[in-house]
Amino acid sequence: MSLLSPVEGWYSKKVSKDEKMWIAISFALCVILFVWMVLWHVFGNQNPSNTTYRTSPAEYIKLYEAYVKKNSRGNDNGIPVVMPEPNSDVIMLAQMWRWSPVLILKKDEWYNIHLSSADLLHGFSLQPVNMNFMVFPGYDYVLRFRPNAVGEYKVLCNEFCGIGHHTMIGKIVVIENEADLEKYGYTKDKLSAPNTATAVTDTTTAATTGEMAEAEMVKAGEQLYALKGCNACHKLDGTNQLAPSFKGLWNTTAKVKENGQEKEMLIDEAYVQSSILTPQKHITVGFEQTIMPTMPVTEDEIKQLTAFIKSQKN
Ligand code: CUA
């Protein structure tokens, strides 16, 4: 309610000249700003817009796993390393709590980088160049991307995504030629030759035929541990920051919460299987804040992962 009520008939009164002028000026300003919304996109040095496809986490994880199995050249701190061909499609996955794979790209070459999330909203923030994208699960974002400066770049997550958010740091290395690789710690013995790293595929095939020795099972399990991202939380050195370390875990008793009730459970085959397939069913006491995602896994993969956990002695 205003203090003074307007005089009768104010609405039908003629608008004065300067008032008309101001209406014209503000209208022109609106139109200019509106046009600049579009122009700024072209001239304003904005983050590029991207093509987006509908997908599902399960579908995208499958795509990512096949891509990494085929193109992995080794590991960098447990994260698969891929050196994609220029102009190829690169499949990158955001998950709680890591970016995978590590990319080695060539300067001045184009790449189609696909981004999606396996679980919840993450933020792709390329530093120090400060390119930012939101990465929702269920969408496949394609960035046409041409690095124009060599160096090591970090991919930070800039959307708060839970207790391990601060550990979610990925890596993109841009090189001029292969000789630069050593500068970034990728020595010859650390990176395998392209298309020879088919060990995961090979062992998986062997597993399905039931011809796998224990040592091979452990090896396959170790590769799955890196591929599926278990290593983002479950460490092998006994540190229990985000989730129980696998070191010396086998055959011990875990204090867990099931339906709000605390109980003790032996860590054996059945326990591991249930933890992978229904991670929320029983949660180790002390790690209630860590939400373990449900990963698509086959029975053989569970067996291999179990063998790997078993092999992590004290
Ligand atoms: Cu992912 Cu924060």
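Atoms within each ligand, like the ligands themselves, are counted from 1 in listed order. Both backbone and side-chain heavy atoms feed into the values below; hydrogens, waters and symmetry mates do not.
Contact annotation: Met168 places an N, O or S atom under 2.8 Å from atom 1 (Cu) of ligand 1. Counting backbone and side-chain atoms alike, His122 contributes no N/O/S atom closer than 2.8 Å to atom 2 (Cu) of ligand 1. Among the atoms of His165, an N, O or S atom is found under 2.8 Å from atom 2 (Cu) of ligand 1.
Considering every non-hydrogen atom in both Ile91 and Tyr64, the closest pair reads CG2-CA, 3.6 Å.
Rounding to 10°, one obtains 90° for the angle at atom 2 (Cu) of ligand 1 between SG (Cys157) and O (Glu159).
Aromatic rings from Phe246 and Tyr225 are positioned such that their centres are separated by under 6.0 Å.
Counting heavy-atom neighbours within 6.0 Å of Asn177 CG, excluding the residue itself, gives a total above 12.
Relative to the six-membered ring of Tyr139, Arg54 meets both conditions, a distance below 6.0 Å and an angle of at most 45° to the axis.
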